[in-house]
Amino acid sequence: MAKKLLLIDGNSVAFRAFFALHNQLERFTNADGLHTNAIYGFNTMLDHMIKAVEPTDMLVAFDAGKTTFRTKMFDDYKGGRAKTPGEFSEQMPYIKQLLDAYGIQHYELKDFEADDIIGTLAGQADAAGYTTTVVTGDRDLTQLTTDHTTVAVTVKGVSEVERYTPEHVQEKLGITPKQIIDMKGLTGDTSDNYPGVTKVGEKTALKLLKEYGSIEGVYENVDAMKKSKMKEHLIEDHDLATRAKVLATIKRDAPITVGLADLAYAGPDVDKLAEFYTEMDFQSFLKKLHVQSDEPEKPIEFTVLTSANLDELAQFSDHVDFYLEMPTPNYHTSAFAGFAIGADGKWFISRDVELLMKPAVSDLLSSTSITKDVFDMKRTMVGLNRLGIQLGTVDFDLLLVSYLLDTNDNSNDLGSLAEQHGYSDLPSDEVVYGKGVKRAIPDDDQVFFSHLARKLAAIAALKPELLKKLTANEQAPLYDDIEKPMAIVLAQMEMAGITVDSGTLKAMGSQFKERLSEIEQTIYQEAGEEFNINSPKQLGHILFEEMKLPVIKKTKTGYSTAVDVLEKLAPEAPIVANILQYRQISKINSTYVVGLLDAIHSSDQKVHTRYLQTLTQTGRLSSVDPNLQNIPVRLEEGRKIRKAFIPSHDGWQIFSSDYSQIELRVLAHITGDANMQEAFKEGDDIHAATAMRIFNLKSPEDVTPNIRRQAKAVNFGIVYGISDYGLSQNIGITRKQAKSFIDSYFREYPGVKAYMENIVKTAHEQGYVETISHRRRYLPDIHSKSFNQRSFAERTAMNTPIQGSAADIIKIAMIKMQDRLKAEGLKATMLLQVHDELIFEAPKEEIPVLEKLVPSVMDSAVKLDVPLKVESHFGDTWYDAK
DNA sequence: CTCTTCACG
DNA sequence: ACGTACGTGAAGAGT
């Protein structure tokens with residue numbers, strides 16, 4: 001049988017696992033107080049790789065200690081690295097125990113790194129005709145790839161890997177695997193703390209290697225190079241380059257005392273492994289072990305609810321768990337598959353949703369004194385409402401609570417979410433119902449009912465610990481006073497829906513179609529052939545190969561034809577302007593005319609969006625089916641779509657109010673910057689005020705529209721976590737100018753500068769950032785070795801408290817608004833939220849009332865150190881509410 | 001099912 | 001030297 005060898009870089013993978021589950025550090029502890037996140041992650045990776053590779057032979061290599069032949073060669077090798085956390089080191093011995101239970105060889109060798117052991121064995125395996133897979137978190141090992149050895153580098157978490165073959169290395173890096181060490185030799189390696197040739201980075205190295213093949217090749221030809229700074233650096237740093245290459249070179253002949261013959265893998269010792277899992281408190285792995293050993297899954301007890309035993313529900317007088325199964329995501333239209341209700345291990349299940357309408361059930365559901373524990377209360381409310389049932393007080397919503405605890409846990413599948421919280425007695429819907437076209441509610445009552453009963457059991461089991469965590473995070477008010485009432489308000493808005501006039505849309509659609517075919521013909525003439533203008537690939541071919549226009553930007557897969565590129569090309573050829581025009585109309589037509597028409601419910605001529613309350617990383621809502629948060633407004637052509645959005649009654653109008661510069665006001669508040677706060681308190685035009693400050697202007701008259709535009713871009717940039725490059729691209733200035741703008745900005749607004757520095761530091765220390773309402777976002781990448789990932793996390797750390805606090809504020813305003821509309825007995829209905837804007841429909845005569853009421857509710861939603869400003873508009877359609 | 005593009009705040 | 005603004009959803013093309 002063909003030999004398949006799996007080699008694992010133990011330290012590197014364990015380290016990846018540790019950081020992948022770093023924000024769960026406290027959840028992963030066993031009864032002895034041992035942290036287990038790295039062990040758990042390592043196990044996940046092992047299972048994953050064994051399943052993928054099906055190895056006949058295996059070995060996990062570890063580093064033997066701090067000193068190696070490399071540190072002897074160069075004292076500072078891997079110097080300057082942060083100290084390994086104690087929570088990590090304590091887990092290493094247990095990872096080796098885990099491997100023993102698995103029956104996997106592990107090995108370390110004094111003076112050598114794990115890489116060298118792997119390199120040596122991979123070499124032997126290649127010679128012996130094995131197929132080898134190397135697993136590591138370290139990209140440098142890709143130098144080991146050959147036709148028979150692939151290197152799998154962990155990319156995200158521990159179970160997702162990128163597989164490097166020689167072809168993939170070539171494609172990705174532009175060099176052969178063998179040349180990686182020459183590359184490292186020239187550039188050095190900051191994370192391992194050794195330098196290469198001064199001023200030579202990846203780009204330059206690539207050029208040199210393309211021309212000369214290797215470091216040796218470079219130096220054979222160095223004398224012949226024409227005089228340049230680079231040549232001087234090359235000559236000066238010859239020794240450094242040679243040394244760096246040696247440091248980067250993985251040994252293929254380490255004096256190891258294991259051989260290929262010792263690596264046979266026969267599968268785990270199940271008893272030993274079970275014992276280990278029990279000690280580590282790994283419930284889910286234990287369960288999988290039992291499934292594999294054909295031990296039957298523990299059955300769950302339930303009662304089938306019928307019209308004959310409804311009276312049994314009377315036993316629930318304090319709280320019930322409830323779950324309504326709707327097979328498709330859109331709960332406005334989905335069928336009903338069944339439901340489950342009960343408490344404390346007594347579960348009642350039925351497929352017959354008609355039963356819900358019987359008083360024995362509906363009274364229970366609509367009761368305000370008997371509280372409900374559910375998964376996704378908004379979905380449940382809308383579903384029940386379609387059956388004519390009100391959902392009364394909800395105490396616990398597993399979906400909402402999970403999201404608040406960690407915005408990354410936003411799966412909409414109860415089973416997966418429960419698993420994330422360490423609860424393993426509920427398979428995912430995908431497992432029970434299937435996926436894709438095969439997805440279906442099981443015909444077998446036992447299977448289906450057990451699954452529903454398990455869902456209730458999961459909700460009940462997780463409730464106490466999750467609520468406790470919520471309190472520990474100081475998030476109970478966020479949950480009780482914001483997200484839960486928010487869910488109710490959103491359900492009401494979604495059910496209300498907004499009327500869309502299909503006649504208006506259809507008329508626009510036929511106009512667009514006509515114009516499209518005209519422009520299409522012109523484009524074909526200019527191109528000299530017919531092609532699909534909507535295909536970036538075909539369009540790229542025409543523009544850059546046939547017509548030879550200059551290539552400004554490339555994407556991963558070809559030429560970029562994005563707007564900013566085409567705008568630069570417009571003066572070159574008339575076809576470009578026509579393409580831009582075509583694109584614009586085509587987008588409006590397909591997404592907003594055709595798409596919106598598809599979404600209109602024939603029963604009421606309305607669209608009923610769904611707001612996703614547990615999706616965004618910042619606390620904002622998102623809107624789907626259809627998305628009503630991105631209806632065109634910036635360009636007149638598209639803005640006309642808004643004419644189709646009309647009130648649902650004659651004599652009514654659309655009314656809208658929006659926060660003016662809410663994010664900058666939040667910025668002024670949370671940074672405490674005195675200068676910025678003063679501008680808002682004085683009621684100044686903030687962009688003009690910023691312009692006067694950063695450009696040092698004496699009078700407001702000096703603020704030209706262009707200067708104001710630039711200041712506005714800087715203000716936005718600050719909110720996004722600015723970079724000089726980003727700003728320069730945005731307003732078309734040089735990077736140097738952008739940098740000087742930013743410097744002036746921070747000089748003029750020192751509070752903002754201090755805040756930005758602090759928040760990044762805070763994110764580093766605690767691993768997350770918070771909004772004014774204690775909404776929390778974890779930023780695991782803040783510890784990343786990769787400059788890119790880390791920088792992204794840092795910008796996110798700066799932006800999230802601002803964007804998220806603004807989201808908190810409008811949510812609070814919406815809850816208060818809904819209360820007031822009811823209290824004042826108004827017919828006005830809140831219909832839409834677009835991040836900083838609320839849209840209503842109301843009888844004409846209520847408009848004057850709303851003009852006072854809505855802004856006053858919105859601007860007093862929370863008390864900040866700066867005033868909030870609200871502007872209102874109204875008209876016969878959404879278009880006219882401007 | 002991923003990529004690119006483009007609509008919004 | 002590195003390679004970039006923050007947060008979303010939908011459509012169409014092409015694998």
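Each chain gets a letter, A, B and so on, in the order its sequence line appears, and its residues count up from 1.
With rounding to whole Å, A/Arg735 atom CZ is found 10 Å from C/dA1 atom C1'. Atom NZ of A/Lys184 is separated from atom C1' of C/dC2 by 13 Å (rounded to the nearest Å). A/Tyr720 has its OH atom 6 Å from the C1' atom of C/dC6, to the nearest Å. Atom-to-atom, CD1 of A/Ile662 to P of C/dG7 comes out at 18 Å; the value is rounded to the nearest Å. Nucleotide C/dC2 holds its P atom 18 Å from the CD atom of A/Gln789, rounded to whole Å. Taking atom CZ of residue A/Arg790 and atom P of nucleotide C/dT4, one finds them 15 Å apart after rounding to whole Å. Here the P atom of nucleotide C/dT8 and the CD atom of A/Gln833 are 14 Å apart, to the nearest Å. Computed from coordinates, the A/Asn534 CG to C/dA10 C1' distance equals 14 Å when rounded to whole Å.
Side-chain proximity of A/Tyr592 to the nucleotides C/dC6, C/dG9, B/dA7 is greatest for B/dA7. Among the nucleotides B/dT5, B/dC8, C/dG7, the one closest to any side-chain atom of A/Pro632 is B/dC8. Relative to the side chain of A/Arg583, the nucleotides B/dC6, C/dT15, B/dC3 differ in distance, and B/dC6 lies closest. Looking at the side chain of A/Ala562, the nearest of the listed nucleotides C/dC6, C/dT8, B/dC6 is B/dC6. Across C/dC6, C/dA13, B/dA7, the shortest atom-to-atom separation from the side chain of A/Ser535 is found for C/dA13. Of the listed nucleotides (C/dG7, C/dT4, C/dT15), C/dG7 has the atom at the smallest distance from the side chain of A/Arg620. When distances are taken from the side chain of A/Thr591 to each of C/dG9, C/dA10, C/dC6, the shortest belongs to C/dA10. The side chain of A/Asn627 lies closest to C/dA10 when the candidates are B/dC3, C/dG7, C/dA10. Comparing B/dC6, B/dT5, B/dG9 by their closest approach to the side chain of A/Arg634 singles out B/dG9. When distances are taken from the side chain of A/Pro536 to each of C/dT8, B/dT5, C/dC6, the shortest belongs to B/dT5.
Nucleic acid contact for A/Ala713: base, since at least one base atom lies under 4.0 Å from a heavy atom of the residue. At the heavy-atom level, A/Ser560 lies under 4.0 Å from the strands shown only through sugar-phosphate atoms. Counting non-hydrogen atoms under 4.0 angstrom, A/Glu663 reaches nothing in the nucleic acid. In this structure, A/Asn730 reaches the bases: a heavy-atom distance under 4.0 Å links it to at least one base atom across the strands shown. Note on A/Thr561: only backbone sugar-phosphate atoms sit closer than 4.0 angstrom, heavy atoms only; bases stay farther off. The residue A/Gln729 sits apart from the nucleic acid: no heavy atom pair falls under 4.0 Å. At the heavy-atom level, A/Gly717 lies under 4.0 Å from base atoms of the strands shown. The residue A/Thr187 sits apart from the nucleic acid: no heavy atom pair falls under 4.0 Å. Contacts of A/Leu615 with the nucleic acid, taken as non-hydrogen atoms under 4.0 Å apart, involve only primed sugar atoms and P, OP1 or OP2.
Within the 4.0 Å cut-off from OP1 or OP2 of B/dC3, not a single side-chain nitrogen or oxygen of A/Thr557 is found. In terms of phosphate contacts, A/Lys537 brings a side-chain nitrogen or oxygen within less than 4.0 Å of OP1 or OP2 of C/dT15. Taking only side-chain nitrogens and oxygens, A/Ser622 comes nearer than 4.0 Å to OP1 or OP2 of C/dG9. OP1 and OP2 of B/dG9 both lie 4.0 Å or more from every side-chain N or O belonging to A/Asn630.
The base of C/dT4 lies close enough to the side chain of A/Ser723 for a donor and an acceptor atom to sit less than 3.5 Å apart. Put simply, the side chain of A/Arg795 and the base of C/dG7 share no donor and acceptor less than 3.5 Å apart. Between the side chain of A/Gln629 and the base of B/dC8 there is no donor-acceptor pair of N/O atoms closer than 3.5 Å.
Using a 3.5 Å distance cut-off with no hydrogens or angles, the side chains of A/Tyr611 and A/Gln629 do not pair a donor with an acceptor.
One P atom belongs to C/dT4, the other to B/dT4, and the distance between them is 13 Å to the nearest Å. Only the P atoms considered, C/dA5 is 15 Å distant from B/dC6, to the nearest whole Å.
In this structure, A/His608 and A/His332 have tilted ring planes: the angle between them lies in the 30° to 60° band. Using cut-offs of 30° and 60° on the angle between ring planes, the pair A/Trp878 and A/Phe645 is perpendicular.
If A/Thr800 and A/Lys199 are placed on DNA chain C by their nearest nucleotide, the residue sitting closer to the 5' end is A/Lys199. Sequence order on DNA chain C of the closest nucleotides to A/Asn788 and A/Val594 puts A/Asn788 first from the 5' end.
C/dA11 is paired with B/dT4 under the criterion used here, namely a Watson-Crick or G-U wobble arrangement in which both key atom distances are under 3.5 Å. In this structure, C/dC2 forms no base pair with any nucleotide, since neither Watson-Crick nor G-U wobble geometry is met with both distances under 3.5 Å.
Without hydrogens or angle criteria, A/Gln538 side chain to A/Ile533 main chain gives no donor-acceptor distance under 3.5 Å. A donor-acceptor pair under 3.5 Å is absent between the side-chain atoms of A/Ser805 and the main chain of A/Ile802, judged by distance alone.
Within 6.0 Å of the NZ atom in A/Lys869, the count of heavy atoms belonging to other residues, nucleotides or ligands does not exceed 12. The environment of A/Lys643 atom NZ is dense: over 12 non-hydrogen atoms of other residues, nucleotides or ligands sit within 6.0 angstrom.
Residue ring and base: A/Phe787 does not count as stacked with C/dC2 (centre distance below 5.5 Å and interplanar angle below 30° not both satisfied).
Because its NZ or CZ atom is both nearer than 6.0 Å to the ring centre of A/Tyr331 and within 45° of the ring axis, A/Arg610 counts as a cation-pi partner of that residue.
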Run the ring-ring contact (aromatic ring centres under 6.0 Å, His included) test on A/Tyr749 and A/Tyr745 for me, step by step, so that the C-alpha distance in whole Å, both residues' side-chain angles and the decisive distance to 0.1 Å come before the verdict.
CA-CA 6 Å; A/Tyr749 297 120; A/Tyr745 191 101; 4.9 Å; yes
